[in-house]
Amino acid sequence: MNNTDRSLALTMKDAAKLVGVDYRTIKLGIESGTIPTVQLGPRRMIPRVPLLRAFGVDVR
């Protein structure tokens, strides 16, 4: 298990890997507003739970 497995916020690259899609799919989801992001310092990150919900993963 690495830090990505527990992180509450992910980079676009890590988010793509987590849900098994191409990086460009994540980018398009962000641009369309389907995938929310948060600004953490200089980086724009993707919260894990909303990302998984956007891809239909049941998160309890």
Side-chain angles (χ1 to χ4, degrees):
M1 184 183 298
N2 61 32
N3 284 340
T4 305
D5 295 330
R6 296 185 303 255
S7 296
L8 295 178
L10 306 162
T11 64
M12 284 194 279
K13 180 181 172 184
D14 288 337
K17 187 184 296 184
L18 177 66
V19 294
V21 299
D22 188 75
Y23 165 86
R24 291 171 290 198
T25 302
I26 298 296
K27 186 174 180 178
L28 288 172
I30 291 169
E31 290 171 355
S32 72
T34 305
I35 299 173
T37 62
V38 294
Q39 189 76 35
L40 296 175
R43 300 185 81 179
R44 183 148 300 276
M45 303 290 284
I46 302 166
R48 175 184 290 275
V49 172
L51 169 72
L52 293 174
R53 285 187 181 140
F55 280 87
V57 177
D58 185 29
V59 182
R60 295 178 191 243

Visitor: Considering non-hydrogen atoms only, spot the tightest contact between P36 and P50 and give its length.
Guide: CG-CB, 3.4 Å
Visitor: Could you tell me whether L8 atom CG has more than 12 heavy atoms of other residues or ligands within 6.0 Å of it?
Guide: no
Visitor: Is there a path of hydrophobic side-chain contacts, each under 4.5 Å between heavy atoms, that joins V38 and L10?
Guide: no
Visitor: Of all heavy-atom pairs between S32 and G29, which one has the smallest distance, and what is that distance?
Guide: OG-O, 3.1 Å
Visitor: How many angstroms lie between atom CD1 of I35 and atom CD1 of I46, to the nearest 0.5 angstrom?
Guide: 6.0 Å
Visitor: Grouping I, L, V, M, F, W and Y whenever their side-chain heavy atoms are under 4.5 Å apart, do L28 and I26 come out in a common cluster?
Guide: no
Visitor: Is a side-chain donor or acceptor of Q39 paired with a backbone partner of G41 at a separation under 3.5 angstrom?
Guide: yes
Visitor: Side chains of T11 and M45: does their closest heavy-atom pair fall under 4.5 Å?
Guide: yes
Visitor: Have a look at L51 and tell me which of V19, V57, D14 forms a side-chain contact (heavy atoms from CB on, under 4.5 Å) with it.
Guide: V19
Visitor: Side-chain contact test, heavy atoms from C-beta onward, threshold under 4.5 Å: evaluate it for L52 versus L18 and give yes or no.
Guide: yes
Visitor: Quick one: pull up CE in M12 and CZ in R43 and give me the separation to the nearest 0.5 Å.
Guide: 9.5 Å
Visitor: Verify, without hydrogens or angle tests, whether R48 (side chain) and S7 (backbone) share a donor-acceptor contact under 3.5 angstrom.
Guide: yes
